[in-house]
Protein chains: 2
Amino acid sequence: MTMTFQQQARDAIRDSGGRITPQREILFDLLAHVENDIDADALFRLAAQQDPNISLPTVYRTLNTLEDADVIAAQYVSTDHERKVYRVNNRKNVFHFTCRRCGMVTPVTSKLVDQLRRELGSQIGADVVTLCMCAGGLCEDCRKEESGL
Amino acid sequence: MTMTFQQQARDAIRDSGGRITPQREILFDLLAHVENDIDADALFRLAAQQDPNISLPTVYRTLNTLEDADVIAAQYVSTDHERKVYRVNNRKNVFHFTCRRCGMVTPVTSKLVDQLRRELGSQIGADVVTLCMCAGGLCEDCRKEESGL
DNA sequence: TTAACTGCAAAGCCTTTGCTCGTGA
DNA sequence: TCACGAGCAAAGGCTTTGCAGTTAA
């Protein structure tokens, strides 16, 4: 019996004493349909199409609430991590490679990530909930171009 | 024949058309002797002990220059990545676990990291230079305390 | 000489916070 | 009813940038 993301979100928020508002429902819906990651600003702009009065602080507050409730997870993606992105809590093994020359971002995945999470957990006795990884370097094309210089 | 970090830094900067200033020499020396990671502000305060006139923008500019030249690498450490830390380019397998409850930061290491870097490289054909990882969750003590609630 | 660097001050950028009004339960 | 959430505006915190004077090469 699977619960929709929206239901999970509502439950998690209510469980922590929070309330369900129209703005939050909009955000739950958007998050449920987001392909991969989304940052606060992009989410805000999508939400604004449905409710032009929604505010950026509301988006941030809702994202933080959902993050605290472990319904979504935050990661950094871009070359410089300059902005957080959020993701529904599944497919935690996907992370990103950013080419430092052309800036292209490639999603990558590896079974080693789960292995790493487990190893890490037993190493320090902690409960490793989030494992944020960002890889950087030269992509195949840029490597060729640089060696051709 | 090993080169000191200071020499590497000087060479890399000169190779890219940069100049060696007294401020930069101070920073090279400090970086060479830093145990693990250091953030811009901490480096700035150390440098200020040697030259009270050194400025934070100079520290940032030098760090960025060294990062561009691959002499140092930048990573994020704290729970929210709110600040970059820099590290001399070795011991790349060390990363950090931050407890989201007490905020304690534990350095961890794993052979899987190198494995992951290689797997990643062959997966996308890229040259994976940096692999920044940040783990988060509950540390052993906090886990006990939370379950005892 | 002259392009690069420095220090200062200010701007940028993302995110959070204070405050007052509104509203879900 | 009333504590929690929304919007607005402003503050925070780290990092970068514009500018005019200075300096390495």
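The sequence lines fix the lettering, A, B, ..., with proteins before strands; numbering per chain opens at 1.
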Determine, for nucleotides 1-11 of chain C in 5'-to-3' order, which nucleotides have protein heavy atoms under 4.0 Å from the base (write B), from only the sugar-phosphate (write S), or from neither (write -).
--BBSBBBB--

Rounding to a whole Å, what distance do you find between B:Glu67:CD and D:dT16:C1'?
14 Å

Protein-nucleotide distance (B:Phe44, atom CZ; D:dG13, atom C1'), rounded to Å:
15 Å

Distance check needed: D:dT16 C1' versus B:Asp68 CG, whole Å only.
13 Å

Atom-pair distance (CD1 on A:Ile26; P on D:dG5), nearest Å
17 Å

Would you find a donor on one side and an acceptor on the other, under 3.5 Å apart, between the side chain of A:Gln50 and the backbone of A:Ala47?
no

From CD of B:Glu25 over to P of D:dT23, roughly how many Å is that when rounded to an integer?
16 Å

Just the rounded figure in Å: distance from C1' of D:dA6 to CG of A:Leu27.
12 Å

Residues A:Asp114, A:Arg118: salt bridge by 4.0 Å N-O rule
no

Treating A:Arg45 as the side-chain partner and A:Ala40 as the backbone partner, does any N or O pair qualify as donor plus acceptor under 3.5 Å?
no

Could you give the CG-to-C1' distance, from B:Asn64 to D:dT16, as a whole number of Å?
8 Å

Using the test salt bridge (charged side-chain N to carboxylate O under 4.0 Å, His left out), find all partners of A:Glu25 that sit at least two apart in sequence or belong to another chain.
A:Arg10

Do we see a donor-acceptor contact under 3.5 Å between the side chains of A:Thr65 and A:Thr62?
no

Atom pair CG (A:Leu66) and CD1 (A:Ile72), whose distance is rounded to the nearest 0.5 Å
4.5 Å

Using whole Å, report how far CZ of A:Arg14 lies from C1' of C:dT23.
15 Å

